Amino acid sequence: MARAKISAPKGVSEYVPPRSRLFEFVRESLIAPARLAGYELMELPVFEDTELFKRGVGESTDVVSKEMYTFTDRGDRSITLRPEGTAGAMRAVIEHALDRGPLPVKLWYSGAFFRAERPQAGRYRQFYQVGIEAIGLDDPAIDAEVIAVADAGFKAIGLKKYRLEITSLGDAQSRAAHKVDLTKFISTLDLDEATSLRASMNPLRLFDDKRAQMRVVMSRAPLLMDYLSDASRRHFESVKTYLDALGVAYVLNPRMVRGLDYYTGTTFEFVHELLGSQSGIGGGGRYDGLMHELGGQELSGIGFGLGVDRALLAAEAEGVIALDGFASDLYIIPLGDAAMLRAMEIAMDLRKAGKSVEIAFGDRALKGAMKAADKSGVRFVVVIGDDEMLTSYVKLKNMSSGVTSSVKIASLADAL
RNA sequence: GUGGACGUAGCUCAGCUGGUAGAGCACCCGGUUGUGGUCCGGGAUGUCGCGGGUUCGAGCCCCGUCGUUCACCCCA
């Protein structure tokens, strides 16, 4: 009498074996370069005071205005599942006074994020991101390092078919001057209702319009890049010089639009070529006013968020990762109850020595156990029965060559 | 949120103009006594996404709904 099935909520990404192996590999690959660069872990809540995102990310953004999972908790507080990582990171830095210590504060995180969007391949309501934040330093060198760390993560996965796009959003004065001219330009256009509404929220959005005729029209629009203050321009030039010297390839995209309000100055995106419509695999930039906006000191910062789900999709599209190569070192097949106990003892000892060891549980026939061992891709197999327990020697079988050799149980660890 | 496509065993799919479901792979057991990969034999599995409707009869037609997917939007 089967009960009605309960399925996962709409649009979530979840990973089970064997694909979870790839997910783990991708996530670890993205994190490793940050660890090597001295970034330290922060583990933050997935829900925050709704106000944090309204103030930090900006109420005019789509993310905040229509994509947040917001609810009222039992204490009548408005709570929101985090749609991105930077605002929460800044909140924690302020709350724990990390900004009162040595600068820059360098942090990394990894976890689930939530946006109530229409699901699509590569776009989920719960998705995974790895990110870093470097707070309290204005040096263009740190911009370049942050970008290089992200790039190294993608390279560690083996990705090749992606490009890094960079631009500078300049400082507040640069943007204000540009906005005046851009708004003037847009007012001369004949726009449909949805588009002019978007323009009124954030005129830069029109640069992101995918319709061919809009692209033509917008090709005549004034570019923010041409309004950069001297300081912003020098900073950005320096970032590019560092990237060139480090061999990090990039293309300039003066029309780049970011969906979060806090970005300033250096801004970048990683775009994959094989991913269709949801092609952004990572992005980030400077957010020089965010800390102050959230009630902290006036410290600048820069960071990125990389999409683990999308990076995995990209890796699969490029065919650069494989499911094999994740098997254990040894598979022990016990024959009988006494042998099972011995097998478990042997397994525990070997695991202490750092070997991965599995046991054939269940009362399967030897042939069935061998088949299971074979399918798991394990490197070695031993059978434990009366003889082995008596002599303390086992026949260690190499599963790829089929060759067996006699090994003393006590020296199995060395033989693996 | 808007528009299009799709939804059959664990997976990939077949099922002709409506007549109460199939293949391959995977899975389990066996091919005589303690060693896998090939081969052979046998076996289990589906409320044909769900709910209505039309019909003597629907996996095939209609409506709704849920889910997936593609594009828009947005972005990781």
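Note that this is a predicted model, so its numbers are computed, not measured. A note on names: the letters A, B, ... follow the listed sequences, proteins ahead of strands, and every chain is numbered from 1.
Ionic pairing of A:Arg91 and A:Asp49 is not present here: no N-O contact between side-chain nitrogen and carboxylate oxygen is shorter than 4.0 angstrom. With respect to the salt-bridge test (charged N to carboxylate O, under 4.0 angstrom), the residues A:Arg21 and A:Glu24 do not qualify.
For B:U45 and B:A58, the P atoms lie 24 Å apart once the distance is rounded to whole Å. A gap of 4 Å separates the C1' atoms of B:U8 and B:C48, to the nearest Å. With both ends at atom C1', the span from B:G51 to B:G41 equals 44 Å, rounded to whole Å. Across the P atoms, B:C13 and B:C70 are found 14 Å apart, a figure rounded to whole Å. Look at the C1' atom in both B:G22 and B:G15: the space between them is 7 Å, to the nearest Å. Spacing of P atoms, B:C16 relative to B:G36, comes out at 45 Å, to the nearest Å. Taking atom P on both nucleotides, B:U12 is separated from B:U47 by 16 Å, rounded to a whole Å. As rounded to the nearest Å, B:G37 and B:C25 have P atoms that lie 16 Å from one another.
Along RNA chain B, the nucleotide closest to A:Arg258 and the one closest to A:Asp209 are compared, and the more 5′ of them pairs with A:Asp209. Toward the 5' end of RNA chain B, the nearer of the two residues A:Asp309 and A:Leu275, judged by each one's closest nucleotide, is A:Leu275.
The partner of B:G43, taking Watson-Crick or G-U wobble pairs whose two distances both stay under 3.5 Å, is B:C27. In this structure, B:G1 forms a base pair with B:C72, meeting either the Watson-Crick or the G-U wobble geometry with both donor-acceptor distances under 3.5 Å. Pair check for B:G22 finds B:C13; Watson-Crick or G-U wobble, both atom distances under 3.5 Å. The partner of B:A58 is absent, by the rule that a Watson-Crick or G-U pair needs both atom distances under 3.5 Å. Pair assignment for B:G64 gives B:C50, based on Watson-Crick or G-U wobble hydrogen-bonding distances that are each under 3.5 Å. Within the shown strands, nothing qualifies as a pairing partner of B:G37 under the Watson-Crick or G-U definition with both distances less than 3.5 Å.
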What string of B, S and - do you get for nucleotides 31-45 of chain B, 5' to 3', when a contact is any protein heavy atom under 4.0 Å? B--BBBB--------
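Using a 5.5 Å limit on the distance between ring centres and a 30° limit on the angle between planes, the aromatic ring of A:Phe127 counts as stacked on the six-membered base ring of B:A76.
Across the protein-nucleic acid pair, A:Arg198 atom CZ and B:U2 atom P stand 17 Å apart, rounded to whole Å. Spacing between atom CG of A:Asn202 and atom C1' of B:C74 amounts to 13 Å, rounded to whole angstrom units. We find that CZ of A:Arg82 is positioned 17 Å from C1' of B:C75, with the value rounded to whole Å. Nucleotide B:C74 holds its P atom 18 Å from the CD atom of A:Glu84, rounded to whole Å. For the pair A:Arg115 CZ and B:G1 P, the interatomic distance rounds to 17 Å; values are reported in whole Å. Summarising the geometry, the separation between CG on A:Leu206 and C1' on B:C74 is reported as 14 Å, rounded to the nearest angstrom. Going from atom CD of A:Glu165 over to atom C1' of B:C75 covers 14 Å, rounded to whole Å. Here the P atom of nucleotide B:A76 and the CD atom of A:Glu67 are 10 Å apart, to the nearest Å.
Side-chain atoms of A:Arg77 never come within 3.5 Å of backbone atoms of A:Thr72 as a donor-acceptor pair (strictly under, hydrogens ignored). Counting only distance, with no hydrogens or angles, the side chain of A:Thr267 and the backbone of A:Gly265 share a donor-acceptor pair below 3.5 Å.
Annotation for A:Tyr393: atom OH does not count as buried by contact number, only 12 or fewer foreign heavy atoms lying within 6.0 Å. Atom CG of A:Asp337 sits in a sparse spot, with 12 or fewer heavy atoms from other residues, nucleotides or ligands closer than 6.0 Å.
For RNA chain B, the neighbouring residues in residues 310-320 of chain A, judged by any heavy atom under 4.0 Å, are A:Arg310.
When heavy atoms are screened at a 4.0 angstrom cut-off, A:Arg211 is found touching no nucleic acid atom at all. Residue contacts shown for A:Asp62 are limited to sugar-phosphate atoms, with no base heavy atom under 4.0 Å away.
In terms of polar N and O atoms assigned as donor or acceptor, the side chain of A:Glu269 never comes within less than 3.5 Å of the base of B:A76 in a complementary pairing.
Judged by distance alone, the side chains of A:Glu133 and A:Thr86 do bring a donor and an acceptor atom under 3.5 Å apart.
Using cut-offs of 30° and 60° on the angle between ring planes, the pair A:Tyr128 and A:Tyr15 is perpendicular. Taking the six-membered ring where tryptophan is involved, the planes of A:Tyr287 and A:Tyr262 are perpendicular, since the angle between them exceeds 60° and thus also 30°.
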Worked check of side chain to side chain contact (heavy atoms under 4.5 Å, CB included) between A:Val383 and A:Lys395: CA-CA 7 Å; A:Val383 174; A:Lys395 275 180 245 156; over 6 Å; no
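Side-chain atoms of A:Phe380 and A:Asn398, non-hydrogen and from C-beta on, do get closer than 4.5 Å to each other. Residues A:Ser168 and A:His235 are not in side-chain contact: their nearest non-hydrogen atoms beyond the backbone lie 4.5 Å or more apart.
Across all their heavy atoms, A:Ile281 and A:Phe154 have their closest contact at O-CZ, 3.5 Å.
Between A:Phe268 and A:Tyr250, the ring center distance fails the sub-6.0 Å criterion.
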Polar-atom pairs under 3.5 Å, protein N or O versus N or O of nucleotides 67-69 of chain B: list them with distances, or write none.
{"unit_1": "B:G67", "atom_1": "OP2", "unit_2": "A:Lys10", "atom_2": "NZ", "d": "3.1"}
{"unit_1": "B:U68", "atom_1": "OP1", "unit_2": "A:Gly11", "atom_2": "N", "d": "2.9"}

